[in-house]
Colleague: 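Structure incoming, see below.
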Amino acid sequence: MSYPPPPAASLRSFLDAHFASPEDLASAPALAELLRRECVGLEASLRRFEAQLASASASWLARSTGARSSFRHIRSRGGGIEAEDDGEETLQGVGVELPALVQEIQRIDAIRHYAEAALQLEAFVGNLEDATFSIVRQASKLNLSPVFWPASNEMERKQEKLLQAVDAMRDIEQELLRISTNRPQWTNLIMAVDSRVDKTLAILRPKALTDYRALLASLGWPPSLSSPDAEKDKYSQIPNPLVLMNEANKEKYSQSFLALCALQHAQANREARQCRTTGATPTLSDSKYFDKTTRFDNGLWAIDELVQPIASRLEYHFAKWSEQPEFIFALVYKIARDFMGGVDDILQPLIDRARLVGLSAKESWVTGMVKMLLGYLERQIFPVLVTFYQATDDKLEVHSSWMHLNDLMIAFDKRMQLLADSGIQKIASISEGLSRSLSVFSIYSEHSDWLHMWAGVELNSAHHKLKSEMEDETNWSYSIKELGHQETTSNFLLSTREDYKAPPISEFVVKTASAMIERGQALPNRGLSIQYNKSSSVQFLNGFFLVLRERCEALQLTNTALEDDSLLKASFAINAARYCEYVLREWDDDIVFLEMGSHGKHDDEGQEQGHKHSAQHPCSFFADEITFLAKLGTNYLEQIMSSVLLEFEDLSWDYIQNIGLSNEQIHPIDEVLDEENLGVSPGFVASLEVLRDRTTKLMLHLNSKDFLDLWRSIAEGLDYFIYSSIRWAEITFSDQAVIQLRVDTRALLHIFRPFCLRPEAFFPFISDSLKLLTMRKTDAQYLLEVLKNAKENDSGLRQQGLRHVNASQATKILGSKRSGG
């Protein structure tokens, strides 16, 4: 008599687990029914796979048969080549069919690869679906009869199945990545697989999170937010259940934490692959999705689930402090700080075991707390503030509340960032900008209208302050100190308001705009910073620049007689414009504005104005403002120059018209004049005095760079005016007239001598004219002979040191000298 073989070890363990005592035999029918249903399900899956395999095999056999018949046809045609007389025609026929045959073989080979990839993916997706189905089925079994599945084994089975699902996801992603790289045209296959995986993950992730929450609840999480010593006014840290776990619970929690991290990591890899295959921008693909650390910018699921139950308890306290938001921020910071030690000690080793290199448990914990606060602000605080902003006519109160809230957010961000970075050594050159996802200002990312409201609040507040400052006229003037000659004229390295002699109002504008920009730096990304600055600080600066232009236009420098007050106001306005232009150029060189300028330039591509903007000012954020200020300063410097020249022309017109005529009436022709003791022509004195007064005041009140350009332009204008106004062809200069002209010119040059050592260099036409008028008679006759030869006239003038007048002008000047003088 033969006995059946003993049961396998796994079967014995199964029976021991479910029939530990005779009383367990009563549950045998229910267990048998569950096993029967499982067998039916497995048999159905097997039949489905067999049908799919048969269909794929039939398709492959049909293709193979067609290829085989094509080969036989070619072989039969090829065999008849030697027997037939018309061999050339046959060869041509074969040559025509061979490329088609190669294409057919390639098509069949592609179909074979497609079928193999589809079968492989079907197996992987099936493994994922089976693992997910097993997890869900275990939960249903537990709900039906907890007796059948002991709690000690149920968690282990779920974790095992979850890890199997993660392994299946990794296999799927590796295969899809290979296909998307080598066969990008198989988009339908990839889309079909992604669709099935999405449906499966929609079941798997909530179930995994539910199991994780159940484990946290069994461990006593969340703890009580009030410590036992609170009644005694001793506020100690809140006890952390994660630190108080025993070894068995710690092992259970570790396995659950690692499994959830593995699932999130697999999902992150999947999103990275989808982003790359859909043609994402290089910046997004390279820096975010292919950097393991930044894939978890939004936090770890496992740590977020630690925060979620705490949030429901904190919101009870938040509701009482809606009018005192500083208490809300303080409580969130306290909870984050009290649990920080336990989070770092328990969770950081688990993150390292999960091989999430570079990921910090502290940063993930802080991110979770900030996200919790962000959700409450988005639901409860900001909607009330926005409604109040839109409904009320009294904007001052809502402006104050909004700015107070933003100040609290900035301070909270800084404290939380220090908390996240505590104990972490970071390289200074790369630490700035890290953990940008921690910013509570990311609330403006989803609500651009709130961002514009905030920018409007900042702008209105700044305008209100500026209005009161502008009403004080002393803020538009600059107090001139007693400066030495060398200090006043030689300082061209301007960097401060004092260097530019700018009025205090300009420094107030710069500081106000700087404060607005600094508050905007809390925004989490470049696009938001650009929107905020263009709606706040840039508009504020443009408003002030328009006021500067209006003040200059009100002076009407070219339409009225030049007055000292108008001259000073114009000088101070120009100094303010130059100082603001300098500050904006300094800001433009900052890396933050260089990035924003580059970002804005790319956004404007395709527009004609954008191309012109980028060509003239590459990567400049304040390009338009700098251009406006530069043009403003230049225009009103030109107006000052024109006013000074027109005033000089009015006062000296009679003198200029009578140069060379009046001297004979005062001094006889044969009288020898003492040039050293000879006075300035009476008709020229008034114009020289006014010119000296204007240049002295401009030197004191205008910044040194603009004054340098201004006095040189005035000198060149005077030179051209005096030279072109002398009637060279109509008058004849005697020796006395030449001496008087030289004395008057020396007096004119003396006005500009404090500004340079050789002012005559800026009066080239007058200087050349005096050289020609004072030439000896023989030299003048020789030069006239030389000028008649057109080929040598330029060289002849250069030999005499004359580089500005041409041959025709030199001839006229020489012809104006009395020959017998």
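Since this is a predicted model, take the numbers as computed values, not measurements.
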Colleague: For the residue pair G683 and Y655, what are the closest heavy atoms and their distance?
Modeller: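 The answer is O-CB, 3.7 Å.
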
Colleague: List the steps and the verdict of side chain to side chain contact (heavy atoms under 4.5 Å, CB included) for R712 and F752.
Modeller: CA-CA 9 Å; R712 288 180 175 181; F752 295 92; over 6 Å; no

Colleague: Which heavy atom of S537 sits nearest to which heavy atom of A513, and what is that distance?
Modeller: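 So the minimum-distance heavy-atom pair works out to CB-O, 4.1 Å.
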
Colleague: Between K569 and D565 (salt bridge meaning N to carboxylate O under 4.0 Å), is one present in this structure?
Modeller: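 Yes, charged N to carboxylate O under 4.0 Å.
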
Colleague: Is there a donor-acceptor pair closer than 3.5 Å between any side-chain N or O of S461 and the backbone N or O of V457?
Modeller: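 A pair under 3.5 Å: no.
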
Colleague: Locate the shortest heavy-atom distance separating Q740 from S681; write the atom from each residue and the value.
Modeller: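 Smallest heavy-atom distance, with atoms named: NE2-OG, 3.2 Å.
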
Colleague: Does K812 NZ have over 12 foreign heavy atoms under 6.0 Å away?
Modeller: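 It does not: K812 NZ has 12 such atoms or fewer within range.
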
Colleague: Any non-hydrogen side-chain atom of T695 less than 4.5 Å from a side-chain atom of W711?
Modeller: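 No, side chains not in contact.
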
Colleague: Any non-hydrogen side-chain atom of I722 less than 4.5 Å from a side-chain atom of F765?
Modeller: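 Sidechains of F765 and I722: no contact.
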
Colleague: Looking at E581 and R585, does any basic side-chain N land under 4.0 Å from a carboxylate oxygen?
Modeller: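 The answer is yes: the pair qualifies as a salt bridge.
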
Colleague: Does atom CZ of F721 have more than 12 heavy-atom neighbours, drawn from other residues, nucleotides or ligands, at distances under 6.0 Å?
Modeller: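 Check passes, neighbour count above 12.
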
Colleague: Could you go through the side chain to side chain contact (heavy atoms under 4.5 Å, CB included) check for L541 and C580 one step at a time?
Modeller: CA-CA 9 Å; L541 290 171; C580 292; 5.9 Å; no

Colleague: Measure across R694 and L567 and return the closest heavy-atom pair with its distance rounded to 0.1 Å.
Modeller: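 It is CD-CD2, 4.2 Å.
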
Colleague: Could you report the tightest heavy-atom contact between L651 and A686, atom names first, then the distance?
Modeller: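 Shortest heavy-atom separation between L651 and A686 comes out as CD1-O, 4.2 Å.
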
Colleague: Nearest 0.5 Å please: distance from the OG atom of S536 over to the CD1 atom of I517.
Modeller: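 With rounding to 0.5 Å, OG (S536) is 7.5 Å from CD1 (I517).
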
Colleague: Any sub-3.5 Å donor-acceptor pair from S477's side-chain atoms to T474's backbone N or O?
Modeller: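 Checking the backbone N and O of T474 against the side chain of S477, a donor-acceptor pair under 3.5 Å is found.
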
Colleague: For the side chain of T627 and the backbone of A623, is there at least one donor-acceptor N/O pair under 3.5 Å apart?
Modeller: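 Side chain of T627 to backbone of A623: a pair is present.
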
Colleague: Tell me if a side-chain donor or acceptor on S506 pairs with a main-chain N or O of P503 at a distance below 3.5 Å.
Modeller: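 Indeed, once roles are kept as given, a pair shorter than 3.5 Å links the two residues.
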
Colleague: Near H463 NE2, under 6.0 Å, is it more than 12 heavy atoms from other residues, nucleotides or ligands?
Modeller: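 Result for NE2/H463: enclosed.
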
Colleague: With rounding to the nearest 0.5 angstrom, report the CD1 to CG distance, I659 to L741.
Modeller: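 Spacing of CD1 (I659) from CG (L741) equals 5.5 Å.
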
Colleague: Does the S448 side chain pair with the main chain of Y444, one donor and one acceptor, at a distance under 3.5 Å?
Modeller: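 Side chain of S448 to backbone of Y444: no pair is present.
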
Colleague: With a sphere of 6.0 Å drawn around NE2 of H750, does it hold more than 12 non-hydrogen atoms of other residues, nucleotides or ligands?
Modeller: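 No, NE2 of H750 has 12 or fewer neighbouring heavy atoms, counting only those of other groups under 6.0 Å.
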
Colleague: Checking N406 side chain against W402 main chain: does a donor-acceptor pair fall under 3.5 Å?
Modeller: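 Yes; at least one donor-acceptor contact below 3.5 Å.
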
Colleague: Please examine the side chains of F755 and F762, heavy atoms only from C-beta on, and report whether any two atoms are closer than 4.5 Å.
Modeller: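 F762 vs F755: side chains apart.
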
Colleague: Go through the side-chain N and O atoms of Q639 and N635 and say whether any donor and acceptor fall under 3.5 Å apart.
Modeller: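 Checked: Q639/N635 side chains show no N/O donor-acceptor pair below 3.5 Å.
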
Colleague: Does Y636 form a side chain to side chain contact (heavy atoms under 4.5 Å, CB included) with E553? I'd like the steps, not just the answer.
Modeller: CA-CA 9 Å; Y636 287 99; E553 289 176 349; 2.9 Å; yes

Colleague: State, yes or no, whether a side-chain contact exists between L691 and L718 at a heavy-atom distance under 4.5 Å.
Modeller: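 L691 vs L718: side chains touch.
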
Colleague: Side chains of N575 and Y579, heavy atoms from C-beta outward: is any pair under 4.5 Å?
Modeller: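 No, their side chains stay 4.5 Å or more apart.
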
Colleague: Please work out whether the ring planes of Y500 and Y582 are parallel, tilted or perpendicular, with thresholds of 30° and 60°.
Modeller: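 The arrangement is tilted - the two ring planes meet at 30° to 60°.
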
Colleague: Return the CH2 to CD1 distance between W728 and I731, rounded to the nearest 0.5 Å.
Modeller: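 Reported value, rounded in 0.5 Å steps: 6.5 Å.
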
Colleague: Give me the ring orientation class for F593 and W587: parallel if the planes are under 30° apart, tilted from 30 to 60°, perpendicular past 60°.
Modeller: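 If you compare the ring of F593 with that of W587, the planes turn out parallel.
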
Colleague: Less than 4.5 Å apart, side chain to side chain, heavy atoms only: is that true for R753 and E760?
Modeller: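 When only atoms from C-beta onward are counted, E760 and R753 do touch, with a gap below 4.5 Å.
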
Colleague: Please work out which of the three classes, parallel, tilted or perpendicular, describes the rings of F648 and F684, given edges at 30° and 60°.
Modeller: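 Ring orientation of F684 relative to F648: perpendicular.
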
Colleague: Specify the closest pair of heavy atoms between L632 and A577, including all atoms of both residues, with the distance to one decimal.
Modeller: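 Looking at all heavy atoms of both residues, the shortest contact is CD2-CB, 4.0 Å.
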
Colleague: Could you tell me the separation between the CZ atom of F622 and the CG atom of D624, rounded to the nearest 0.5 Å?
Modeller: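 Atom-to-atom, F622:CZ and D624:CG are 11.0 Å apart.
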
Colleague: So, taking the atom named CZ in F572 and the one named CG in N475, what distance separates them when rounded to the nearest 0.5 Å?
Modeller: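 Output value for this atom pair is 12.5 Å.
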
Colleague: May I have the step-by-step check of salt bridge (Lys or Arg N to Asp or Glu O under 4.0 Å) for E473 and R551, ending in yes or no?
Modeller: CA-CA 12 Å; E473 196 62 30; R551 287 180 65 89; 2.9 Å; yes

Colleague: For the CG atom of L568 and the CG atom of L698, what is their distance to the nearest 0.5 Å?
Modeller: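 It comes to 8.5 Å.
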
Colleague: Kindly indicate, with the supporting measurements, whether the criterion side chain to side chain contact (heavy atoms under 4.5 Å, CB included) is fulfilled by L584 and F628.
Modeller: CA-CA 12 Å; L584 292 184; F628 179 88; over 6 Å; no

Colleague: With a 4.5 Å limit on heavy-atom distance, are the side chains of D588 and I626 in contact?
Modeller: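 Yes, side chains in contact.
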
Colleague: Is the shortest side-chain heavy-atom distance between E458 and F540 below 4.5 Å?
Modeller: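 A side-chain contact is absent here, since even the closest heavy-atom pair is not under 4.5 Å.
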
Colleague: Against R578, only a single residue in N703, D706, D499 fulfils side-chain hydrogen bond (donor to acceptor under 3.5 Å, both in side chains); can you say which?
Modeller: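 Filter result, single survivor: D706.
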
Colleague: Test your reading of the model: is there a side-chain donor-acceptor pair from N533 to the backbone of V538, 3.5 Å cut-off?
Modeller: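 Absent.
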
Colleague: Hey, are K697 and D693 close enough for a salt bridge, meaning a charged N less than 4.0 Å from a carboxylate O?
Modeller: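 Salt bridge flag = yes for D693 with K697.
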
